[in-house]
Amino acid sequence: RKTNRVGVIPMLSGGCHPARRGIPRTEKSGRGAVCSGAGMHRIRQFIALTALTALEAVRRPICLLLTTTCVVVTAGLPLLLLHNMGEDGKLARDGGLAFHFVFGLLIAGYTAATSLSREIKSGTASAVLSKPVGKEVFFLSKFTGIALVILAFSLCATTATLLSERIAEKFVMTTQV
């Protein structure tokens, strides 16, 4: 810990705005004690790293391919169900949830495995960690970014499942023997 020129207010060396670092506190200006925004600075770092992680994961073609495949297969379930025994909606819902689970596991596993490994191979992780970014902020932002990608996938898959169930119940004509 450092103290400023007046020697009254302790100042932290990291996490402060660089333009205001080392300004002594005076009674007239009220400036000084510049590390009051350190918590806000960490939140901004967290949000930026989370957004970059989510954007990087969504840019991968496999993520879009798996999401599109899940939505298309789930939407086509009402047309593919032949032996329904009067439970069209339930079969479409159960099939949609099964696809949601399987494709969700594939997307989560792929994005979690490749997110950190590619950054370590390319040197991006060491470059980010050499800045005043803590390891806990870095790893929590990676986790949150991947969770946002999975949340976006879940929203698409849930919407497709609900529409598929509705279509199966209302619009698919089945003949009762």
Side-chain angles (χ1 to χ4, degrees), residues 1-6 8-26 29-75 96-163:
R1 293 174 70 142
K2 294 192 228 176
T3 58
N4 63 5
R5 287 182 234 149
V6 178
V8 178
I9 302 165
M11 293 174 28
L12 302 174
S13 61
C16 301
H17 192 276
R20 296 186 337 195
R21 189 173 290 146
I23 299 173
R25 184 191 240 339
T26 60
S29 67
R31 294 177 62 180
V34 294
C35 290
S36 62
M40 189 58 120
H41 186 66
R42 286 186 132 188
I43 291 172
R44 279 191 227 135
Q45 288 176 342
F46 176 77
I47 291 172
L49 287 172
T50 300
L52 287 173
T53 301
L55 188 62
E56 177 187 344
V58 170
R59 282 183 183 172
R60 306 239 181 261
I62 190 75
C63 186
L64 180 63
L65 181 68
L66 288 173
T67 303
T68 305
T69 304
C70 180
V71 168
V72 167
V73 170
T74 302
L97 290 175
F99 285 126
H100 186 166
F101 176 71
V102 170
F103 284 100
L105 279 178
L106 291 174
I107 288 176
Y110 179 78
T111 56
T114 60
S115 174
L116 203 56
S117 67
R118 288 187 188 225
E119 287 202 7
I120 290 172
K121 283 181 185 176
S122 68
T124 309
S126 59
V128 169
L129 290 173
S130 69
K131 306 289 184 212
V133 176
K135 288 181 183 178
E136 63 276 353
V137 172
F138 180 73
F139 288 116
L140 282 175
S141 64
K142 289 289 175 192
F143 174 78
T144 309
I146 292 168
L148 286 176
V149 171
I150 295 169
L151 178 68
F153 165 76
S154 291
L155 288 174
C156 293
T158 302
T159 303
T161 301
L162 291 174
L163 289 173

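These figures come from a predicted structure and were not determined experimentally.
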Can you pull out every salt bridge (charged side-chain N to carboxylate O under 4.0 Å, His left out) where at least one residue sits in residues 96-109? Sequence neighbours excluded, please.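 Every pair satisfying salt bridge (charged side-chain N to carboxylate O under 4.0 Å, His left out) with a residue in residues 96-109: there are none.
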Taking salt bridge (charged side-chain N to carboxylate O under 4.0 Å, His left out) as the cut-off, I'd like each qualifying pair that reaches into residues 144-157, sequence neighbours left out, listed once.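 Sorted result for residues 144-157: empty, none.
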For the student: nearest non-hydrogen atoms of [X] and [Y], plus distance:
X	Y	answer
Ser117	Ala113	OG-O, 2.9 Å
Ala54	Leu148	CB-CB, 4.5 Å
Gly96	Thr74	CA-CG2, 3.8 Å
Ala157	Cys70	CB-SG, 4.1 Å

Who passes side chain to side chain donor-acceptor pair (under 3.5 Å) against Thr53, sequence neighbours left out?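 Partners of Thr53 by the side chain to side chain donor-acceptor pair (under 3.5 Å) criterion, ordered by chain and then number, come out as Lys142.
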Separation of [Y] [atom2] from [X] [atom1] (nearest 0.5 Å):
X	Y	atom1	atom2	answer
Lys121	Leu116	NZ	CG	11.5 Å
Thr67	Ile62	OG1	CD1	9.5 Å
Thr50	Ile146	OG1	CD1	10.5 Å
Ile47	Thr144	CD1	OG1	10.5 Å

Leu52 side chain near Glu56 side chain, heavy-atom distance below 4.5 Å: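 When only atoms from C-beta onward are counted, Glu56 and Leu52 do not touch, as no gap falls below 4.5 Å.
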Please collect all ring-ring contact (aromatic ring centres under 6.0 Å, His included) contacts where either partner lies in residues 130-150, sequence neighbours excluded, each pair once.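 Passing the test, one end in residues 130-150: no pairs.
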For residues 99-111, which side-chain donor-acceptor pairs fall under 3.5 Å, sequence neighbours excluded?
unit_1: His100; atom_1: NE2; unit_2: Ser154; atom_2: OG; d: 3.2
unit_1: Thr111; atom_1: OG1; unit_2: Ile107; atom_2: O; d: 2.8
unit_1: Thr111; atom_1: OG1; unit_2: Ala108; atom_2: O; d: 3.3

Could you point out which residue of Val71, Leu65, Leu66 forms a side-chain contact (heavy atoms from CB on, under 4.5 Å) with Thr69?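 That would be Leu65.
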Sequence-distant partners of Leu163, side-chain contact (heavy atoms from CB on, under 4.5 Å), two or more places apart: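 Here the qualifying residues are Thr159.
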